[in-house]
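Heads up: the structure comes next, in structure tokens.
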Amino acid sequence: MKIVAFLGEKFVSVSGVHYTRETSAAFLQDMIGVDSVKVISQSIVGENSPEGAGTIIKEDNFYSSPWYDSTMDFVKKSIFKKGYLRKFIDVCDKAILENQDSIFWARTPSIGSVIFALRVIKHNRSLVNHICADGFNTWKDRKYKGVNKVLAFVFAQILKQLLIKICKYENVQNLCTGQALFDFSAKHNKENTYQFVDTMVKRISSNQRSTSNKELLNCLFVGRLTEDKGIFELLSVAKRLSGKVKFHVVGGGEIRSELEKRILLDGLESSVIFYGQVKNHDVIELYKIADFVAVPSKNNYEGFPRVIMESWSSGKPVVVSDVGGIHAFVKDGVNGFIVPPGDVDELEVAILKFCNKKTLDDISSNLNQIQKYTLQAYWAEKAKEIIKNQFG
């Protein structure tokens, strides 16, 4: 099996080798072998590879597409930069025509992946459409204002129609991350729609409860530090529960400095430990000391956050916001708690439930039933089986 994939990840090129911290291509490499995966993506030349790069692509297995910073940037360049869209399509066509014995994989709804998927359809080739996020509601993001918000809404409707076309394609398999995306795809192509999570968890970790302070529970947050991830709501809870719960925050992002100021302003230095961006093996150690994990996202276009699978693989239950596709696997009161997005009071109530030892132990023990679904091997085998049954 060979796969040519457009995954929407940005790479750094160093001496002809391409690196990224993202892991979608690494999942495919683990699934079928490094030399059997080719990637189409954006790449900039750098002096050093990104710290903690999770994916490495050789030059012979890489097609460099024209650069864009965002969906809006892609649209603007396509309209106003002469030849931009044509060049983008040419790169997609080149990759398709040079690898006609391959399966083509698009991680939609990234705009580049959508264009690539449409070119695969144009050439009537086999397509795996991995829908990993809801691109139809991105216009609701606070970053869009005025005219840009209207334009984002219009484009979201166009994107929706394009994805319907992709989902309906007769030679496609739709792999959906989360319940909302599964329901969308199944509405248009029920027979060829499946749940799928490209988790990178390779082994189940032992459920080690923190023993440093039995009266103080440890809550872990892992994610990009952006306002829509609910990190400020989590800090509000940390202020209320000082002395009961210690919060460990891992990640980097655009509001890092604002977060650090908030911790100082609210006097949370003893309640919140901020680690910044850390390497994968260090995150694993933090899962071990955590009693539970918080995923308080307000992002309505989430698919199914990988951090949930990582938490469960370590035997740690979760408290998550009711957004995106979390209902595919999260069952309220069984393997975690589900709260309304942005609701500080309900988030506090859910976290306080974990302060009850019996509740925490009962929910943690329930995770034994679902830990197989957290493993990369499970989803890799499922994807290979789907591809083999459909495409031979």
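Residue numbers run from 1 in the order of the sequence given. Treat the numbers as computed from the prediction; the structure is a model and nothing was measured.
If you check the side chains of H130 and N174, you find no donor sitting under 3.5 Å from an acceptor. Side-chain polar atoms of Q173 and N129 form no donor-acceptor pair below 3.5 angstrom. Using a 3.5 Å distance cut-off with no hydrogens or angles, the side chains of R125 and S102 do not pair a donor with an acceptor. Between the side chains of S236 and R262, at least one donor N or O lies within less than 3.5 Å of an accepting N or O. No hydrogens or angles considered: a donor-acceptor pair under 3.5 Å links the side chains of S271 and S242. A donor-acceptor contact under 3.5 angstrom links the side chains of R107 and S24, judged on distance only. The closest side-chain donor-acceptor pair between N99 and K2, if any, does not fall under 3.5 angstrom.
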### Task
Apply salt bridge (Lys or Arg N to Asp or Glu O under 4.0 Å) to R306 and E310, showing your working.
CA-CA 6 Å; R306 287 171 174 160; E310 293 171 358; over 6 Å; no
#### Entry: From CA spacing to verdict: salt bridge (Lys or Arg N to Asp or Glu O under 4.0 Å), K261, D266
CA-CA 9 Å; K261 290 177 183 177; D266 287 352; over 6 Å; no
### Message
Test side-chain contact (heavy atoms from CB on, under 4.5 Å) on L85 and F74; report intermediate values, then the result.
### Response
CA-CA 9 Å; L85 182 58; F74 182 95; 4.0 Å; yes
### Task
Please report the C-alpha distance between V222 and V293 in whole Å, then the side-chain angles of each, then the deciding distance to 0.1 Å, and finally whether the side-chain contact (heavy atoms from CB on, under 4.5 Å) criterion is met.
CA-CA 8 Å; V222 179; V293 176; 5.6 Å; no
### Task
Verify side-chain contact (heavy atoms from CB on, under 4.5 Å) between E98 and K38, making sure each step is shown before the conclusion.
CA-CA 11 Å; E98 289 183 352; K38 294 185 178 181; over 6 Å; no
### Stepwise side-chain contact (heavy atoms from CB on, under 4.5 Å) check, Y287 with S311
CA-CA 7 Å; Y287 277 116; S311 304; 3.6 Å; yes
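The environment of K384 atom NZ is dense: over 12 non-hydrogen atoms of other residues, nucleotides or ligands sit within 6.0 angstrom. Environment of NZ in K76: sparse, with no more than 12 heavy atoms of neighbouring residues, nucleotides or ligands closer than 6.0 Å. The number of heavy-atom neighbours closer than 6.0 Å to CD of E191, taken from other residues, nucleotides and ligands shown, is 12 or below. Around atom NZ of K353, more than 12 heavy atoms belonging to other residues, nucleotides or ligands sit under 6.0 Å away. Atom CZ of R86 has more than 12 neighbouring heavy atoms from other residues, nucleotides or ligands inside a 6.0 Å radius.
In this structure, K77 contributes its side chain and W67 its backbone to a donor-acceptor pair below 3.5 Å. Between the side chain of T23 and the backbone N or O of A26 there is no donor-acceptor pair closer than 3.5 Å. Side-chain atoms of N335 never come within 3.5 Å of backbone atoms of L367 as a donor-acceptor pair (strictly under, hydrogens ignored). Distance alone, capped at 3.5 Å, places no donor-acceptor pair between the N61 side chain and the I57 backbone. Between the W105 side chain and the V39 main chain, no donor and acceptor come within less than 3.5 Å of each other. Side chain of D291 to backbone of L217: no donor-acceptor contact under 3.5 angstrom is found. Distance alone, capped at 3.5 Å, places no donor-acceptor pair between the S185 side chain and the L181 backbone. Looking at T374, its side chain does come within 3.5 Å of a backbone N or O of Q371 through a donor-acceptor pair. Side-chain atoms of K331 come within 3.5 Å of backbone atoms of H327 as a donor-acceptor pair (strictly under, hydrogens ignored). With K87 contributing its side chain and P66 its backbone, the two residues share no donor-acceptor pair below 3.5 Å.
Remark: aromatic rings of F6 and F104 are distant, center separation not under 6.0 Å. With ring centers used as reference points, Y378 lies under 6.0 Å from Y373. Ring pair F304/F329: centre-to-centre distance below 6.0 Å. Remark: aromatic rings of F196 and F27 are close, center separation under 6.0 Å. For F354 and F337, the ring centers sit closer than 6.0 Å to each other.
Atom CG of L234 and atom OG of S297 lie 12.0 Å apart (nearest 0.5 Å). Going from atom NZ of K316 over to atom CD1 of I289 covers 8.5 Å, rounded to the nearest 0.5 Å. To the nearest 0.5 Å, atoms CD1 (I363) and NZ (K358) are separated by 10.0 Å. Taken to the nearest 0.5 Å, the NE2 atom of H248 stands 7.5 Å off from the CG atom of L286. For the atom pair S313 OG and L375 CG, the distance stands at 7.5 Å (nearest 0.5 Å). Between I89 atom CD1 and S65 atom OG the span is 12.5 Å, to the nearest 0.5 Å.
Across all their heavy atoms, L225 and G251 have their closest contact at CD1-O, 3.2 Å. Of all heavy-atom pairs spanning A117 and A106, the tightest one is CB-CB, 3.9 Å. In plain terms, the two heavy atoms of R119 and C92 that are nearest each other are CG-CB, 4.0 Å. Of all non-hydrogen atoms in L347 and P296, the two that sit nearest each other are CD2-CB, 4.2 Å. The shortest heavy-atom contact between F247 and I351 is CE2-CD1, 4.1 Å. Contact record, M31 with A383: SD-CB, 3.7 Å, taken as the closest heavy-atom pair.
Linking Ile, Leu, Val, Met, Phe, Trp and Tyr residues whenever their side-chain heavy atoms come within less than 4.5 Å leaves M200 and Y19 in two separate clusters. V197 and L175 fall within a single hydrophobic cluster, where Ile, Leu, Val, Met, Phe, Trp and Tyr side chains are chained together by heavy-atom contacts under 4.5 Å. Both L127 and V114 belong to a single network of hydrophobic side chains, linked directly or stepwise wherever heavy atoms of I, L, V, M, F, W or Y lie under 4.5 Å apart. Hydrophobic clustering of Ile, Leu, Val, Met, Phe, Trp and Tyr side chains at less than 4.5 Å, counting indirect connections, unites M1 with F391. Under the 4.5 Å side-chain contact rule for hydrophobic residues, I56 and V12 share a cluster.
We find that K94 and D90 are not joined by a salt bridge, their nearest charged nitrogen and carboxylate oxygen being 4.0 Å or further apart. A salt bridge is defined here as a Lys NZ or Arg NE, NH1 or NH2 lying under 4.0 Å from an Asp or Glu carboxylate O, and D93 with K122 fails to meet this definition. The pair K187-D183 does not meet the salt-bridge criterion, since no charged nitrogen lies less than 4.0 angstrom from a carboxylate oxygen. Ion pair E227/K298 flagged as a salt bridge, since at least one NZ, NE, NH1 or NH2 atom sits closer than 4.0 Å to an Asp/Glu carboxylate oxygen. A salt bridge links K288 to E285: at least one charged side-chain nitrogen sits closer than 4.0 Å to a carboxylate oxygen.
With a 4.5 Å cut-off on side-chain heavy atoms, L259 and L235 count as touching. Counting only heavy atoms from C-beta outward, the side chains of F274 and I263 approach each other to under 4.5 Å. No side-chain heavy atom of H188 sits under 4.5 Å from any side-chain heavy atom of I166.
When hydrophobic side chains of Ile, Leu, Val, Met, Phe, Trp and Tyr are connected at separations under 4.5 Å, L97 ends up as a singleton with no cluster partners.
A side-chain hydrogen bond (donor to acceptor under 3.5 Å, both in side chains) with H18 holds for exactly one of E59, Q42, K10, K58; it is E59.
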